[in-house]
> 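Following this message is one structure expressed as structure tokens.
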Protein chains: 2
Amino acid sequence: MRGKVVRAKSEDTRKAILDAAEKLFSQAGFHGVSMRAIAVEAAVPQGLLHYHFGNKEGLFDAVLARRVVPLVERRVALLERRLAEARGGRPSIEAIVDAFFRPLMELGREEAGIHYSRLIAMVVNATDPRSRDLTRRYFDTMAKNYIAAIRQALPGLDEADAAWGYYFLMGAGIVSIARSGRIEDLSEGACRADDIDAVLARVVPYCAAGLRGIAGAAEINADITRSSLGRKRHA
Amino acid sequence: MRGKVVRAKSEDTRKAILDAAEKLFSQAGFHGVSMRAIAVEAAVPQGLLHYHFGNKEGLFDAVLARRVVPLVERRVALLERRLAEARGGRPSIEAIVDAFFRPLMELGREEAGIHYSRLIAMVVNATDPRSRDLTRRYFDTMAKNYIAAIRQALPGLDEADAAWGYYFLMGAGIVSIARSGRIEDLSEGACRADDIDAVLARVVPYCAAGLRGIAGAAEINADITRSSLGRKRHA
DNA sequence: GTCTATATTTAGATAGAC
DNA sequence: GTCTATCTAAATATAGAC
């Protein structure tokens with residue numbers, strides 16, 4: 001019983017450190033935050049950060065790892081449900097795009113989730129090896145599932161175009177969860193990144209139509225290729 | 001004449017420092033790079049960085065400022081040309097989206113431009129006050145022009161929806177110029193971020209269709225509102 | 001304008017008492 | 001597991017000779 005109490009205290013400490021690190025890393029990135037600053041924010045001695053997480057990279061990884069599995073599971077489960085609901089026929093591309101965005105945006109309903117999703121936006125768009133490794137490790141499987149689902153909804157898309165489409169989908173996701181203040185500036189306050197329903201109401205039609213647009217462009221390109229090949233044969 | 005030679009030498013030094021800083025900042029961000037590392041990369045003594053740019057922030061700002069005016073001018077000029085070409089009728093949304101992306105993506109044809117566009121991707125999506133200030137200062141006017149042009153091409157979009165549309169357009173731009181390696185991972189090497197023509201051939205149809213999609217969704221929402229108001233009146 | 005040397009602060013990490 | 005004190009390296013920035 002005493003062991004349990006001690007364990008609980010330790011877990012509280014770890015949580016306080018992770019919460020503080022999540023908040024500060026999401027604001028200034030890996031190099032923009034010091035272990036000292038995290039310790040102060042968490043109100044724990046600096047030594048504990050090293051005791052629990054080894055070094056700064058271990059802490060950063062732990063911050064990311066803490067929430068990524070449930071997040072990815074929610075998104076994959078929702079995708080699978082949407083695919084199952086479309087049994088027999090094709091799933092609608094809107095249903096798939098919505099499954100991609102909804103659990104991600106829902107993070108933003110809580111303070112900690114805002115920090116966490118900001119951090120994801122930073123990591124998945126960064127170019128350094130650490131970020132690229134983390135992105136691959138945590139998101140590759142999910143991404144492949146979504147690309148396959150997109151192709152199921154839009155059979156006209158080939159593998160490459162579906163990858164491009166997913167890539168731009170990611171782009172809309174990145175700005176939507178970054179909360180950079182940009183949409184407030186662009187709209188002079190009329191639009192707000194924290195209005196999750198408003199974001200979903202725009203980003204889903206945008207990306208769904210965008211994916212259809214790529215499919216349409218691919219067909220047009222194919223037509224041009226066919227007719228120019230035809231012309232060549234006649235020449 | 002001697003003054004000119006000295007002046008030229010000084011300009012070379014400044015250029016070497018800016019090139020080095022641009023490269024390193026684009027890889028690891030403001031805090032991820034030391035003044036020492038920049039001096040080494042530029043092959044100049046560290047003291048010169050402070051002599052020419054004051055401090056680290058001054059250097060970062062100078063890196064951004066160096067290329068931003070010509071870039072924004074090219075994009076605005078191309079937008080205006082596209083609007084002029086559509087004299088009488090409406091411009092096509094594709095023409096406007098293409099004007100937004102083409103000069104931005106063309107940066108990627110040169111080594112230095114790749115670094116610079118990566119840096120832009122980082123800054124415009126960051127949440128810290130320095131980045132937000134720089135983004136506002138350099139891109140707000142252009143953004144307003146583009147939002148207005150989007151509304152000209154798609155009169156069905158209201159101000160707010162056009163802002164959201166531009167925001168997602170930005171998102172596609174951010175991933176496209178970040179060159180995170182993500183598209184290569186997603187497509188197992190079949191798609192490449194350095195194939196500028198391939199990116200343009202997908203991102204323009206995607207975003208153009210996306211903007212039309214928001215306009216369509218807005219019309220549907222308006223219809224729902226109208227019919228539900230109608231019902232209420234009858235009730 | 002350039003370059004060397006160095007002042008000063010802050011960083012990540014560890015040692016050892018409790 | 002926790003906390004204090006501290007080590008060592010690295011950071012930004014400056015002073016002053018040339």
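In what follows, every chain begins at residue 1, and chains take the letters A, B, ... in the order their sequences are listed.
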> Could you please spell out the steps behind the side-chain contact (heavy atoms from CB on, under 4.5 Å) verdict for A:L107 and A:R74?
CA-CA 11 Å; A:L107 283 176; A:R74 278 198 300 279; 3.9 Å; yes

> In terms of side-chain heavy atoms of B:P45, which of C:dT2, D:dT2, C:dC3 is nearest?
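Of all the options, the side chain of B:P45 is nearest to C:dC3.
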
> Any side-chain heavy atom of B:R182 sitting closer than 4.5 Å to one from A:R136?
yes

> Under 4.5 Å between any side-chain heavy atoms of A:K144 and A:T141, yes or no?
no

> Any ion pair linking B:D128 and A:R118 (charged N to carboxylate O, less than 4.0 Å)?
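Salt bridge absent between A:R118 and B:D128.
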
> Identify, residue by residue, the members of residues 46-56 of chain B with a heavy atom below 4.0 Å from DNA chain C, and return them in order of residue number, or none.
B:L48, B:Y51, B:H52

> Is the shortest side-chain N/O distance from A:T13 to OP1 or OP2 of D:dT2 below 4.0 Å?
yes

> Do B:D161 and A:R202 sit within salt-bridge range, that is, some charged N less than 4.0 Å from a carboxylate O?
yes

> Which residues in residues 17-35 of chain A have at least one heavy atom lying under 4.0 Å from any atom of DNA chain D?
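Here the set is empty: none.
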
> Is the B:Y146 ring parallel, tilted or perpendicular to the B:Y166 ring (thresholds 30°, 60°)?
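Rings of B:Y146 and B:Y166: tilted, 30 to 60°.
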
> Once you round it to whole Å, what is the distance between P of D:dT12 and CZ of B:F60?
14 Å

> Please tabulate, one pair per line, each protein N/O and nucleotide N/O from nucleotides 7-9 of chain C that are separated by under 3.5 Å, including the distance.
none

> Under 4.0 Å between a Lys/Arg side-chain N and an Asp/Glu carboxylate O for B:R102 and B:D98?
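Result for this pair is yes, salt bridge flagged.
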
> Looking at A:D19 and A:K15, does any basic side-chain N land under 4.0 Å from a carboxylate oxygen?
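Answer for the salt bridge query: yes.
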
> State whether the side chain of B:Y206 and the backbone N or O of A:L211 hold a donor-acceptor pair below 3.5 Å, judged by distance alone.
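Looks like no, no N/O pair under 3.5 Å.
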
> Specify whether B:F25 and B:F30 have parallel, tilted or perpendicular ring planes, treating 30° as the upper limit for parallel and 60° as the lower limit for perpendicular.
parallel

